[in-house]
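Written out below as structure tokens is the structure these notes cover.
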Amino acid sequence: MAKKLQADEISSIIKDRIENFEIDVDINEVGKVVGVADGITSVYGLNNVMAGEVVEFDSGAKGMVLNLEEASVGIVVLGSMAGIVEGMSVKRTGTLLKIPVGDAMLGRVVNPLGEPVDGKGPIETNEFRLLEDKAPRIMERKSVHQPLQTGIKAIDALVPVGRGQRELIIGDRQTGKTTLAIDTIINQKGQDVICVYVAIGQKQSTVAAMVKKLEEHGAMDYTIIVNASAAESSALQFLAPYAGVTIAEHYMHSSRHAVIFYDDLSKHAVAYREMSLILRRPPGREAYPGDVFYLHSRLLERAAKLSDAMGAGSITAFPIIETQAGDVAAYIPTNVISITDGQIFLETDLFNSGIRPAINVGLSVSRVGGAAQIKATKQVAGTLRLDLAAYRELQAFAQFASDLDDHSKNQLDRGERMVEVLKQPPYSPVAIEKQVVIIFAGNNGYLDALPVSAVTKFEAELYPFMEAKYASVLDSIRNEQKITDENEADLRKALDDFSESFSA
């Protein structure tokens, strides 16, 4: 018969169990939500958590740690806030934020977490990269020396961009900034360049229209679009450009070439300001936090041309900034101008007067310059910037002068025609050899006898004529990348033949 335990024995067993009771839960690894506001949560606990670490809420939502304070941790929620309430548990994952990369992303529209939003099913890839990564060091880089042709005559001739460069596109709203990006993407067809377009704070309809335009030109085959629309939280808009450059870095480190457009970083800075104010970070100028410069510098420094030892890949970055009433001296524009290797300035007055693309040649500059041009372009466009500057000066003077000498009249006439040559309709990039031909024609007087209104027609009919009868001249310029004595003679003969048959 089993012996019965006495009351005092039972109490001693219970006391012993309590004294030797061990809890496996580490309070440093779990926290409690103490505040929720606009995509940001404040969490008590998580004493050992790292900045940038991913955490998981009991609701299944993920978040990223941004603020480390004495009493709490500031976390931005990645995705929907639905189901996150005060008192909910949050646990560490011990990992930093990673997103999928690789060729499986080509032709897709994804959100800043790399998840597809185009309704074409899941993205099958086993490759992931950290969202926040260090930029290549100086010794891992090489100076920019390979051209990246945009297909836009005014840019390739006057503000050339090289692979690995960071060229700012800046201007007021509705001046054609996004159109320049689309033209450049279309022009990369067959160039073995992967394009990444980051849409920040745009309407869904605008992004959908752009995807349709790229599909029409067969450009989505080598393009990836990262979309953080205006309906998304400020946290996702903040992450979008970093997601874009992470996707592009996969190609750069695989000895390939990528070009990335951030459209636009003004909205990115606004999203960061909104997030920082909710996190109660101290505001500075225009209520932006003090690290808003670092926000964009750490992003744009990740664009580079790698050295041969590192595989010679490249990322070319085109940040886009929207100005207010042409004010390039505002806070965010001056910050980004100081980080980039030049800027393409689009002007409302030029746009409204019919000069499109509305590039202000005087204020636009490329700090890489001729290193990013083929020799043929240098040969024909070497003095074009100075000629156009002289034309603008003379044009202003001619408004007040009653009569001009013949040299000034000729300069005005030539300048007028060269301005027409640099005009270009949207979504119609021009191959570099054709650009060389039309600028050569303008510089050598083949357009002087034409009325200004006939220049566009001359150009439109010249290209098919050259392709049909003088294709060898175009091939020679494209392959040799310079104008030699032989192909110059053939080019002059072709222009003479065409001029005779052309009727304005």
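On a predicted model such as this, the values are computed, not experimentally measured, just so you know.
- The CG atom of L148 lies 5.0 Å from the OG1 atom of T316; values are rounded to the nearest 0.5 Å.
- A donor-acceptor pair under 3.5 Å is formed between the side chain of N360 and the backbone N or O of L363.
- Residues satisfying the salt bridge (Lys or Arg N to Asp or Glu O under 4.0 Å) test with D327, not counting sequence neighbours, are none.
- The salt bridge (Lys or Arg N to Asp or Glu O under 4.0 Å) analysis of residues 356-378, with sequence neighbours excluded, yields no pairs.
- Within the 3.5 Å criterion, the main-chain N or O of L447 finds a donor-acceptor partner in the side chain of R417.
- Side chain of S229 to backbone of K203: no donor-acceptor contact under 3.5 angstrom is found.
- Annotation: ring-ring contact (aromatic ring centres under 6.0 Å, His included) contacts of Y222 (sequence neighbours excluded): none.
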Anything under 3.5 Å between a donor and an acceptor, one on a side chain of residues 49-56, the other on a protein residue two or more places apart or in another chain? List them.
unit_1 : atom_1 : unit_2 : atom_2 : d
E53    : OE1    : M50    : N      : 3.0
E53    : OE1    : R92    : NE     : 3.2
E53    : OE1    : R92    : NH2    : 3.1
E53    : OE2    : R92    : NE     : 2.9
E53    : OE2    : G94    : N      : 2.8

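- At a cut-off of 3.5 Å, with distance as the only test, no side-chain donor of N227 or Q202 sits close to an acceptor on the other residue.
- At least one side-chain heavy atom of L68 sits under 4.5 Å from a side-chain heavy atom of V73.
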(request) Start with the C-alpha gap between L66 and M275, add the side-chain angles, then the distance that decides, and say whether side-chain contact (heavy atoms from CB on, under 4.5 Å) holds. (result) CA-CA 10 Å; L66 272 195; M275 219 168 60; 3.4 Å; yes
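- Side chain of Q237 to backbone of E232: a donor-acceptor contact under 3.5 angstrom is found.
- Proximity of L346 to I169: side-chain heavy atoms (C-beta onward) are separated by under 4.5 Å at one or more points.
- For the ring-ring contact (aromatic ring centres under 6.0 Å, His included) condition, the pairs that include at least one residue of residues 321-373, sequence neighbours left out, are Y288-Y331.
- Side chains of R478 and D475 form a contact here, defined as non-hydrogen atoms less than 4.5 Å apart.
- With sequence neighbours left out, the salt bridge (Lys or Arg N to Asp or Glu O under 4.0 Å) criterion links E480 to no other residue.
- Considering only residues two or more places apart in sequence or on other chains, Q146 meets the side chain to side chain contact (heavy atoms under 4.5 Å, CB included) condition with R163, H257, K305.
- With values rounded to the nearest 0.5 angstrom, E322 atom CD is found 8.0 Å from T175 atom OG1.
- Residues L214 and I186 form a side-chain contact, since some pair of their non-hydrogen atoms from C-beta on lies under 4.5 Å apart.
- Between the side chain of R141 and the main chain of P136, a donor-acceptor pair closer than 3.5 Å is present.
- Annotation: side-chain hydrogen bond (donor to acceptor under 3.5 Å, both in side chains) contacts involving residues 108-126, sequence neighbours excluded, comprise R108-D118, N111-E115.
- Side chain of Q191 to backbone of Q188: no donor-acceptor contact under 3.5 angstrom is found.
- E420 contributes no side-chain N or O that, together with a main-chain N or O of V455, makes up a donor-acceptor pair within less than 3.5 Å.
- Under the 30°/60° scheme for interplanar angles, the aromatic rings of F238 and Y272 are found to lie parallel.
- In this pair, H296 and H268 present their aromatic rings tilted. The plane angle is within the 30 to 60° band.
- Defined by atom type and a distance below 3.5 Å, a donor-acceptor pair is missing between the side-chain atoms of S234 and R273.
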(message) Applying side-chain contact (heavy atoms from CB on, under 4.5 Å) to T377 and V436, what does each step give before you reach the verdict?
(response) CA-CA 6 Å; T377 310; V436 169; 4.1 Å; yes
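- Figure legend: cation-pi geometry between K98 and F128 absent, as NZ or CZ is not positioned both under 6.0 Å from the six-membered ring centre and within 45° of its axis.
- Considering only heavy atoms from C-beta on, I182 stays 4.5 Å or farther from H217 through its side chain.
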(request) Decide yes or no on side-chain contact (heavy atoms from CB on, under 4.5 Å) for T206 and T178, but give the supporting numbers first. (result) CA-CA 10 Å; T206 307; T178 304; over 6 Å; no
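- The line from CD1 of I321 to CG of D263 is 10.0 Å long, rounded to the nearest 0.5 Å.
- Look at D308 and K142 and you find a salt bridge, because one of the NZ, NE, NH1 or NH2 atoms lies within 4.0 Å of a carboxylate O, short of that distance.
- Counting only heavy atoms from C-beta outward, the side chains of K62 and L113 never approach each other to under 4.5 Å.
- At distances below 3.5 Å, at least one donor-acceptor pair connects side-chain atoms of R385 with backbone N or O atoms of V361.
- Legend: residues meeting salt bridge (Lys or Arg N to Asp or Glu O under 4.0 Å) with D387, ordered by chain and number and at least two apart, are absent.
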(request) Apply side-chain contact (heavy atoms from CB on, under 4.5 Å) to T41 and F57, showing your working. (result) CA-CA 11 Å; T41 62; F57 295 86; 3.5 Å; yes
Sequence neighbours left out, cut at 3.5 Å: what donor-acceptor pairs do the side chains of residues 149-160 make with other protein atoms?
unit_1 : atom_1 : unit_2 : atom_2 : d
T150   : OG1    : I152   : N      : 3.2
T150   : OG1    : D156   : OD1    : 3.0
K153   : NZ     : V421   : O      : 2.6
K153   : NZ     : K423   : O      : 3.1
K153   : NZ     : E459   : OE1    : 3.0
K153   : NZ     : E459   : OE2    : 2.6
D156   : OD1    : T150   : N      : 3.1
D156   : OD2    : T150   : N      : 3.4
D156   : OD2    : G151   : N      : 3.0
D156   : OD2    : Q435   : NE2    : 3.0

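- For R298, the salt bridge (Lys or Arg N to Asp or Glu O under 4.0 Å) criterion is met by E132, not counting sequence neighbours.
- Under the ring-ring contact (aromatic ring centres under 6.0 Å, His included) criterion, Y251 pairs with no residue, sequence neighbours left out.
- Of the listed residues (I337, V336, L265), just one forms a side-chain contact (heavy atoms from CB on, under 4.5 Å) with I170, and that residue is I337.
- Interatomic distance, CD1 of I247 versus CD of E127, reported as 12.0 Å (0.5 Å rounding).
- Two residues are said to be in side-chain contact when any heavy atoms from C-beta on lie closer than 4.5 Å; M139 and S307 fail this criterion.
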(request) Apply side chain to side chain donor-acceptor pair (under 3.5 Å) to Q395 and Y391, showing your working. (result) CA-CA 6 Å; Q395 191 185 30; Y391 160 68; 3.2 Å; yes
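- Between K212 and E215 there is no salt bridge, since none of the side-chain N atoms of the basic residue sits less than 4.0 Å from a carboxylate O of the acidic one.
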